[in-house]
Q: 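Right, I'll just put the structure down here and ask away after.
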Amino acid sequence: MNRRCYKIHRGRVTVEEFLGGEGSAKMHENGVGGDKKDRGEEEEEDPPLPSVALADSIMQVNADLRPILGPQLVRLDPMRIKQLQDPQVYDAIDSLAKLSAHCLQLRTPLTTCEKLINSDSTLYLSWKYDEEEKVSRLLGFAKVGRKKLFLYDAQMQTYEGEVLCLLDFYVHFSTQRQGVGKQILDYMFSQEHAEPYQLALDNPSVTLLGFMSQKYGMNRPVWQNTNFVVFDELFQSLSAENGVEKSPPDGWRRPMTPRRLGTGMTDTRWLQHAVSGHQSKGNAMAAPVDADMTPQGALSNRAHQAKARKAHILSSKPLW
Ligand SMILES: CC(=O)SCCNC(=O)CCNC(=O)[C@H](O)C(C)(C)COP(=O)(O)OP(=O)(O)OC[C@H]1O[C@@H](n2cnc3c(N)ncnc32)[C@H](O)[C@@H]1OP(=O)(O)O
């Protein structure tokens with residue numbers, strides 16, 4: 001690990017944050033949260049970077065995990081995670097997932113081993129064994145699951161189907177932009193027998209949208225009111241293109257009659273409002289919803305942040 005890597009990420013992490021304490025500085029992801037300056041606060045000196053050893057130890061297990069995990073890219077379904085029965089591995093995965101949550105400014109991690117065991121989601125994990133130091137390091141993970149989604153395409157046609165969803169995706173900041181994320185997703189696609197256009201992203205970050213565009217050519221995201229993003233190619237796959245029809249995902253269909261959601265406001269004006277939130281829910285840009293700052297409000301905070309992030313992304317000049 002080298003210190004240059006810290007600078008690649010535009011965020012900051014304090015030692016307290018690494019330890020899950022009440023650290024004051026937060027890691028800000030690109031475009032999320034903004035700089036102190038943007039928020040009208042006084043600029044402070046950057047807090048000291050955590051020592052390399054401490055940062056490393058968070059995702060590090062002082063053991064050879066090859067007999068437990070096997071290859072460096074591994075698929076861990078709930079049953080497999082339960083069978084691991086190794087508190088060190090559980091802690092390392094949970095710590096990495098905490099960094100992911102910090103990165104997205106979430107109070108509660110989206111991923112923990114305990115939650116995974118009781119879910120139908122699958123974790124794809126990248127790790128490596130350091131022969132010299134005799135330690136195993138977790139590099140990154142992607143959590144995916146199949147969910148039944150109701151979707152609109154850009155023409156407001158409705159669709160429903162079970163879609164492979166990317167629910168949490170993180171590569172340790174010391175290892176980002178070295179191809180690990182692409183390796184994890186490539187492996188995941190091969191294991192799930194899916195193509196990139198068949199993936200739905202749950203509440204994606206700017207970085208993830210850039211990643212999907214750059215690495216998989218997915219550059220026509222269609223935002224859903226549920227904060228999922230799917231790609232236009234998913235809808236295109238249902239109609240023949242140049243005589244070659246791509247197969248839709250398993251369980252995918254388009255209802256014969258468009259399905260009405262909510263109070264049935266499925267006209268074209270609704271699409272314009274959907275950019276900032278459904279008007280009938282009072283979430284349009286003109287009527288922002290205040291975040292619930294209590295720990296119990298973490299989930300609703302997430303929805304609030306998602307709306308802010310979506311509005312920010314849609315109002316910014318594309319980065320790619
Ligand atoms: C559904 C969800 O989980 S949303 C949350 C997604 N997670 C995050 O945003 C957390 C922070 N980011 C990360 O953890 C990682 O950057 C990931 C998981 C998005 C990608 O993993 P990496 O190992 O960095 O990916 P990989 O090296 O294969 O590809 C790098 C590409 O990702 C994008 N990318 C990664 N980091 C950045 C960054 N800081 N700024 C802009 N683009 C970036 C770029 O397209 C980059 O390509 P480039 O280096 O050629 O410009």
Q: Does atom NZ of K128 have more than 12 heavy-atom neighbours from other groups under 6.0 Å away?
A: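 It does not: K128 NZ has 12 such atoms or fewer within range.
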
Q: Y124: what forms a ring-ring contact (aromatic ring centres under 6.0 Å, His included) with it, not counting sequence neighbours?
A: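 For Y124, the residues satisfying ring-ring contact (aromatic ring centres under 6.0 Å, His included) (neighbours in sequence not counted) are Y187.
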
Q: Quick check: does any side chain N or O of S126 sit under 3.5 Å from a backbone N or O of L73, one acting as donor and the other as acceptor?
A: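 Not a single qualifying donor-acceptor pair exists.
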
Q: So, Y90 side chain and I81 main chain: donor-acceptor pair closer than 3.5 Å or not?
A: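 Yes, because the side chain of Y90 sits within donor-acceptor range (under 3.5 Å) of the backbone of I81.
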
Q: How close do N118 and E114 get, counting heavy atoms only, and between which atoms?
A: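 N118 and E114 have their closest heavy atoms at ND2-O, 3.1 Å.
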
Q: May I ask you to test the L110-S100 pair for a side-chain heavy-atom distance under 4.5 Å?
A: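 Not touching, per the 4.5 Å side-chain cut-off.
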
Q: Q224 side chain to Y152 main-chain N or O, any donor-acceptor pair under 3.5 Å?
A: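 A pair under 3.5 Å: yes.
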
Q: Are any of the side-chain heavy atoms of L96 and H172 separated by less than 4.5 Å?
A: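 Touching, per the 4.5 Å side-chain cut-off.
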
Q: Could you tell me whether the side chain of S95 and the main chain of D91 form a donor-acceptor pair under 3.5 Å?
A: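 Yes, S95 side chain to D91 backbone: donor-acceptor pair under 3.5 Å.
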
Q: Centre-to-centre under 6.0 Å for F211 and F169, is that the case here?
A: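 Yes.
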
Q: Which value, rounded to the nearest 0.5 Å, describes the distance between M59 atom CE and K98 atom NZ?
A: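 So the CE of M59 and the NZ of K98 are separated by 16.0 Å.
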
Q: Should L199 and Y216 count as side-chain neighbours, where that means a heavy-atom distance under 4.5 Å?
A: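 Sidechains of Y216 and L199: no contact.
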
Q: Please check: side-chain N/O of K115 versus main-chain N/O of P109, any donor-acceptor pairing under 3.5 Å?
A: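 A pair under 3.5 Å: yes.
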
Q: Just wondering, do L139 and Q178 contact through their side chains at under 4.5 Å, heavy atoms?
A: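 Sidechains of L139 and Q178: no contact.
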
Q: Under the 3.5 angstrom rule, does the side chain of D94 hit a backbone N or O of C113 as a donor-acceptor pair?
A: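 Yes; at least one donor-acceptor contact below 3.5 Å.
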
Q: Hey, does S121 have a side-chain heavy atom less than 4.5 Å from the side chain of L167?
A: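 Yes, close enough: below the 4.5 Å cut-off.
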
Q: Answer yes or no: does atom CD of Q191 have more than 12 heavy-atom neighbours from other residues, nucleotides or ligands under 6.0 Å?
A: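 Count over threshold, so yes.
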
